[in-house]
Undergrad: 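Sharing a structure below in structure tokens format, with a few things to ask.
Sequence positions, counted from 1, serve as the residue numbers for this chain. All values reported here derive from a predicted model rather than from experimental measurement.
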Amino acid sequence: MCDTHANEAQWYDTATIDQVHDLLTHAGAESIWGKRLVANNNSKQQVWLASDPSDLSFLPLGTPSYTPGKSQKKKAGNPVIQIPVPWKWVTPEGVYDAPQARLCFYPQYPEVRFSGFLRGCEQAPNELMSDTKRGHEMNRCLFLGPVKNVAGEIDHVVGLVVGAGSPATRYVLDMDTFESGHLCPLVYQTEQQPGEFSVLEHALLDIVGRKIIPWRLRNDGSIDKPYTAPNAPGFTLEAELGVGENAIPGPDFDIWELKAIKQKSLDRRYNHKVTLFTPQPDRGWITQHTQAEFVLRYGHPNTWDEQGNPTSYYFTTKDFRRDNEDKPEAKLELTLDGFTDARHFDPNGMIALYETGTRNLAAGWSYLKLLEHWQRKHNRAAYIPYLREDEDGDTIVEFGPLITLGISTSFGLFLQAFQDSKAVYDPGDKATLKNGKWTPHSRSQFRINLNDIAAIYQEVREVDIHDPESF
């Protein structure tokens, strides 16, 4: 997208949706999203993309960073968390790196803006995005799509911009999925029904109500059947939907993260603890020592040999307390440092475990570390109930129709839920003595009750996929 002052029309002002589709798919995009640009979407004022990084979990977002301003003035500005995004601009002449592209997360608003997208790029869309040229033109359109590498991981983003008068822009404005101000999935020559749940809904209709022998689909295409480990229902759900073993952060199916939820029966919703994520601490004493040393130092013995010597130690909620808890035996105190509310928190803050009395930091999860996990996983989650039963000696899994959808979360909402004790740190770490050596098992998990998930989503919908009126 070279600058031009020529009188002849440029490709970006005449581009059709077919041309946009071909350019981006030939560059590797497997899905395409469009956003109508308004007058303040340019290189100077940045481009609003979302309210929270988790809204962009389908993109390969990098490690968040924060550098406090050096100004000593009282009003030195609000904190800005920077998140790199590997970006390439596409033109009919080729694909070009945008090495300075990044997201700027302003939690106080909250909003995520796209910045640095012109700097250092040989063929950036300067004519349409520079604030000194056409960067204030209403109804330009930004198109983008994530690209996977040979390992199947989302590796980078390709994008292009077209002018307000282009046929491609008119196509986007006329789409059923168009939502002013937001990134919208491009509906291109498809019979897919509008509505973000429809793809998963139709897939689940073939699964719900069936008696299924649990199985596991590995990424290499191999199958374990029957598969009866404790995590079998989740793997079975993914396998039935054609999703291979998923150890890569991000949506599991379409735009949804899938959560298999154990229930007493499938005719109503029951409360259940849901694991949100399992990040390891990145601050404190634990970062200089092994997991086994941490459990032995701060945990409690669980089993003993015949001589009364401990053979295993556990580290659980028994071993730490919050301010309002009466646990005199707890060795650690759990605090939320640098948090005011969902929109105001110190990016350098953390969830911390301090030694009782000494206030030495035993373990801490920096907000930037937690945000890096959160931005990849939780914007849209589908909580799918299941029963696990034994029939004639065989294990059977059945999934139910009463699906709970969590839509549009934010990292600030997670911190607020944690402050309100709805989201909790619920570890299950242990160290076991084997052949004279302490062997650790880590389960550093943050969880929330299904009945409390409204605390972390802006919208929660309860649907019955056998009842279309519930959508």
Undergrad: Parallel, tilted or perpendicular: which describes the rings of H300 and Y314, with under 30° parallel and over 60° perpendicular?
TA: tilted

Undergrad: Aromatic ring centroids of F117 and W87 under 6.0 Å?
TA: no

Undergrad: With sequence neighbours excluded, what pairs up with K262 under the side chain to side chain contact (heavy atoms under 4.5 Å, CB included) test?
TA: H272, Y386

Undergrad: Can you sort out the partners of H182 under ring-ring contact (aromatic ring centres under 6.0 Å, His included), two or more places apart, ordered by chain and number?
TA: W48

Undergrad: Looking at residues at least two apart in the chain, or sitting in another chain, which of them share a salt bridge (Lys or Arg N to Asp or Glu O under 4.0 Å) with R210?
TA: E240

Undergrad: Verify, without hydrogens or angle tests, whether R113 (side chain) and F105 (backbone) share a donor-acceptor contact under 3.5 angstrom.
TA: no

Undergrad: Indicate yes or no for a side-chain donor-acceptor contact from D319 to the backbone of T316 under 3.5 Å, with no hydrogens or angles considered.
TA: yes

Undergrad: Between P310 and P301, what is the shortest heavy-atom contact and its length?
TA: CB-CB, 4.0 Å

Undergrad: Measuring from atom CG of L24 to atom CG of L144, what distance do you get when rounded to the nearest 0.5 angstrom?
TA: 8.0 Å

Undergrad: Could you pull out all residues at least two apart from P279 that satisfy side chain to side chain contact (heavy atoms under 4.5 Å, CB included)?
TA: F277, W365, L370, H373, F446

Undergrad: Going by the salt bridge (charged side-chain N to carboxylate O under 4.0 Å, His left out) test, which pairs reach into residues 445-455, not counting sequence neighbours?
TA: D426-R447

Undergrad: Is the Y425-F418 ring centre distance short of 6.0 angstrom?
TA: no

Undergrad: Between D155 and V147, is any pair of side-chain heavy atoms under 4.5 Å apart?
TA: no

Undergrad: Which class fits the ring pair W285 and F294: parallel under 30°, tilted 30 to 60°, perpendicular over 60°?
TA: tilted

Undergrad: Scan residues 26-35 for pairs that pass salt bridge (charged side-chain N to carboxylate O under 4.0 Å, His left out), counting only residues two or more places apart or in two chains.
TA: E30-K148

Undergrad: Could you check whether K331 makes a cation-pi contact with F320, meaning its NZ or CZ is under 6.0 Å from the centre of the six-membered ring and within 45° of the ring axis?
TA: no

Undergrad: For a salt bridge (charged side-chain N to carboxylate O under 4.0 Å, His left out) check, start with the C-alpha distance between E333 and R321, then their side-chain angles and the critical distance, and finish with the verdict.
TA: CA-CA 5 Å; E333 298 176 359; R321 66 178 182 86; 3.1 Å; yes

Undergrad: Taking the six-membered ring for Trp, is the centroid-to-centroid distance between F315 and Y298 below 6.0 Å?
TA: no

Undergrad: Would you confirm whether D52, through its side chain, and S54, through its main-chain N or O, come within 3.5 Å as a donor-acceptor pair?
TA: yes

Undergrad: Answer yes or no: is there a donor N or O on one side and an acceptor on the other, between the side chain of R36 and the main chain of F178, under 3.5 Å?
TA: no

